[in-house]
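Here the structure comes first, spelled out in structure tokens, and everything after it is commentary.
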Protein chains: 2
Amino acid sequence: MAVNHDNCPCMDSCPLNHALALIGGKWKMQILCSLYNNGPTRYNQLKKTLDGVSNTVLANALRELEEDGLVERQEYLEVPVRVEYRITEPCQRLIPILDELGNWSMEL
Amino acid sequence: MAVNHDNCPCMDSCPLNHALALIGGKWKMQILCSLYNNGPTRYNQLKKTLDGVSNTVLANALRELEEDGLVERQEYLEVPVRVEYRITEPCQRLIPILDELGNWSMEL
DNA sequence: CAGAATCCCAAGTGATACTG
DNA sequence: CAGTATCACTTGGGATTCTG
């Protein structure tokens, strides 16, 4: 069982901390959730959908998500430029887990 | 599916945000993890196990976890006083989910 | 259009000392 | 022993403006 690390502390090597680093923060899960539900989305559309995100935060979150392999960025060389974001396959496998987590939190 | 909220944004009512409020933060998952693995644990023992927590943070986290029904506090009227923390039954059901989440993050 | 740069604020975290 | 109080600090998040 992955949660078990002898006597704890899991500390730095804890898979859960790693997970939190990937999808923690105020907006990352919403971003993934939106991309999952709505499919590939342009930057400004995403910004409108996630009502209240600032550019700073959204851009940073997207870059981190991309670096971590959760999101793919595709740039279409049109004028004006068009950029779409979508979730990756490994990220797809995260969705059902998040789903369980959400259900659990609501039943609590 | 709980993750689906029409077009998103899940925003405030998002079950995932609720979950994050419960178990987010730097130490809460470690606390739950430790209590799960080691069983009922006294305050100072917990503090030693989670190497690096300050009193401020640990005490606050434990109080919140207790308010949210994830942790039970039991006070034994001995001299000196003894206080033990343990995870609750609803919290037990969270463990396998965290386990999946941890596994996912490591396989990524 | 898609972001980067800048600046600011609030919240979270932490170290230390102290007390019922 | 199990915390609380106080204060300092770091980080994340946000508003706004600007540019390739």
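None of the values given here were measured: they were computed from a predicted structure. First the proteins, then the strands, lettered A, B, ... as listed; each starts at 1.
With DNA chain D read from its 5' end, the first of the two nearest nucleotides for A/Gly24 and B/Arg82 is the one closest to B/Arg82.
D/dT6 atom P lies 14 Å from atom CG of B/Asn60, rounded to whole Å. Between the CD atom of B/Gln30 and the P atom of C/dG12 there is a distance of 17 Å, rounded to whole Å. Nucleotide C/dG3 holds its P atom 15 Å from the CD atom of A/Glu64, rounded to whole Å. Put simply, CD1 on B/Ile31 is 14 Å from C1' on D/dG3, counting in whole angstrom units. Between A/Arg73 atom CZ and C/dG3 atom C1' the separation is 9 Å, expressed in whole Å. As rounded to whole Å, 17 Å separates atom P of D/dT16 from atom CG of A/Leu58. The separation between B/Asn55 atom CG and C/dG20 atom P is 16 Å, rounded to whole Å. Distance NZ (A/Lys47) to C1' (D/dA15): 10 Å, rounded to an integer number of Å.
Salt-bridge annotation for A/Arg93 and A/Glu89: present, with a side-chain N of the basic residue lying under 4.0 Å from a carboxylate O of the acidic one. A/Arg73 and A/Glu84 are not joined by a salt bridge, as no carboxylate oxygen comes within less than 4.0 angstrom of a charged side-chain nitrogen.
Across all strands, A/Tyr85 comes closer than 4.0 Å only to sugar-phosphate atoms, never to a base (heavy-atom distances).
The side chain of B/Tyr43 lies closest to D/dG3, out of D/dG3, C/dA2, D/dC1. Residue A/Ser54 places its side chain closer to D/dG14 than to any other of C/dG14, C/dG3, D/dG14.
A side-chain donor-acceptor contact under 3.5 Å links B/Gln45 and B/Thr49.
At D/dA2, one or more side-chain N or O atoms of B/Asn44 fall inside 4.0 Å of OP1 or OP2 (strictly under the cut-off). Between A/Arg63 and C/dA4 there is a side-chain polar atom (N or O) within less than 4.0 angstrom of OP1 or OP2. The phosphate of D/dA2 has OP1 or OP2 within less than 4.0 Å of a side-chain N or O from B/Arg42. At the phosphate of D/dG12, neither OP1 nor OP2 sits under 4.0 Å from any side-chain N or O atom of A/Trp27. Applying the 4.0 Å criterion to OP1 and OP2 of C/dG14, one finds that B/Lys26 has a side-chain N or O inside that range.
Between the side chain of A/Thr56 and the base of C/dA4 there is no donor-acceptor pair of N/O atoms closer than 3.5 Å.
If you take CG on B/Leu70 and NZ on B/Lys28, they are separated by 8.0 Å, rounding to the nearest 0.5 Å. Separating the OG atom in B/Ser105 from the CD1 atom in A/Ile23 is a distance of 8.5 Å, to the nearest 0.5 Å.
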